[in-house]
Structures are given as C-alpha cells and as structure tokens.
Amino acid sequence: MTNIQMSSHEKHQRIWQTVVAIPPGKVASYGQVADLAGLPGRARLVGKCMAYASDEIQVPWYRVLKSNGQLAFAPDSNAAKKQTALLIKEGVTVNNNRVKLHEFGWQPSLDEILFKLQF
DNA sequence: CGACTGACGCCGA
DNA sequence: CTCGGCGCCAGTC
C-alpha cells in the first residue's frame, strides 16, 4: 500500500491544528487528537507537542487529557493545578484530577472535521 | 549504535 | 481499581 511520508513539521502542524479545533468547554484525549490528526497510535507524539506548546499561549493544550479523563499530570502537581484552573474557567468540572468524558468529551461532527481540520 | 525515557493507550489478570 | 506487559517513536545519553 502507498506509504505517505509526513515531515515532522507537518505532523507538528496537524496536531496543533487539531488541538486548536477543540471547542472551549470541551476536552479531548491525546489518542483522539492523534487519530484526528491522521496519526493513529501516536498519542505520545501529541504529548511531546503539548510540552512545546506550554510556552505558547496560542494552543489550548489544557483541553487535552488522558484517554480515561485524567489529567496527564500528577495530582497536586503545579502543572495539574494550573490546568485545572484553566478548565474550570471554561466551565469544565474537574474532580480528583479527572474530568467526566461523557459530559465534557469532544465528539466532533463530520462538519467540524471537514471545516476545521484543513488537511 | 543500543538503552532509556516520556504531558500515552489498550488488554488481560 | 491496580499491575504488568507491549506497542509506539523522537530524543538523549
């Protein structure tokens, strides 16, 4: 089958574009972002990018969680508190370092995927 | 060049 | 719910 090579720059580009598409008040998992970005199984890569993004105010990195709804940071850690504060500010409820995905998980419609993810 | 290391995920016990 | 194990891959050492 045809194997399309993607430059690390493009992967980077797709991941951020996907994260930016997450609506305020909603959250998505690393794996979900990877899938939507066309990088199935590359959840760790998404985490890598979020680490870079922590400096950039542009990317809503805090809307990205683990697949079970837990924050990626250790409870009580500085980063976890910071992320929790940002989420609560958007109306997302955080309990014990975790968010209920059935309540706040982002489930993009086909429409959103086609219009927001330009790749 | 091999080993180790992550803002991860899934499955089975 | 916890633990172990394996998959994944770009950096670091």
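Proteins come first, then strands; the chains are lettered A, B, ... in the order of their sequence lines, and each starts at number 1. Just the heavy atoms: all of them, side chains too, but no hydrogens, waters or symmetry mates, feed the values below. In this text the structure is predicted, and so the values were computed from the model without any measurement.
With rounding to whole Å, M50(A) atom CE is found 16 Å from dA10(C) atom P. Note: CG (N97(A)) to P (dC1(C)) measures 13 Å, nearest angstrom. Spacing between atom CZ of R44(A) and atom C1' of dA10(C) amounts to 11 Å, rounded to whole angstrom units. Between the NZ atom of K66(A) and the P atom of dT2(C) there is a distance of 11 Å, given to the nearest Å. When rounded to the nearest whole Å, the span between NE2 of H12(A) and P of dG11(C) equals 10 Å.
Heavy atoms of K48(A) sit nowhere under 4.0 angstrom from any nucleic acid atom. Across all strands shown, R63(A) has no heavy atoms under 4.0 Å from either base or sugar-phosphate atoms.
Side-chain contact check for W16(A) versus Y52(A): some heavy-atom pair is nearer than 4.5 Å.
Listed by chain and number, the residues in a salt bridge (Lys or Arg N to Asp or Glu O under 4.0 Å) with E112(A) are K116(A) (sequence neighbours excluded).
Environment of CG in N68(A): crowded, with over 12 heavy atoms of neighbouring residues, nucleotides or ligands closer than 6.0 Å. Taking a 6.0 Å sphere around CD of Q107(A), one finds it holds 12 or fewer heavy atoms contributed by other residues, nucleotides or ligands. With a 6.0 Å radius and a threshold of 12 heavy atoms from other residues, nucleotides or ligands, F115(A) has its CZ atom at or below the threshold.
In the 5' to 3' direction, nucleotides of DNA chain B lying under 4.0 Å from heavy atoms of chain A begin and end at dG6(B) to dC10(B).
With hydrogens and angles ignored, the 3.5 Å screen pairs no side-chain donor or acceptor of N97(A) with any backbone N or O of A74(A).
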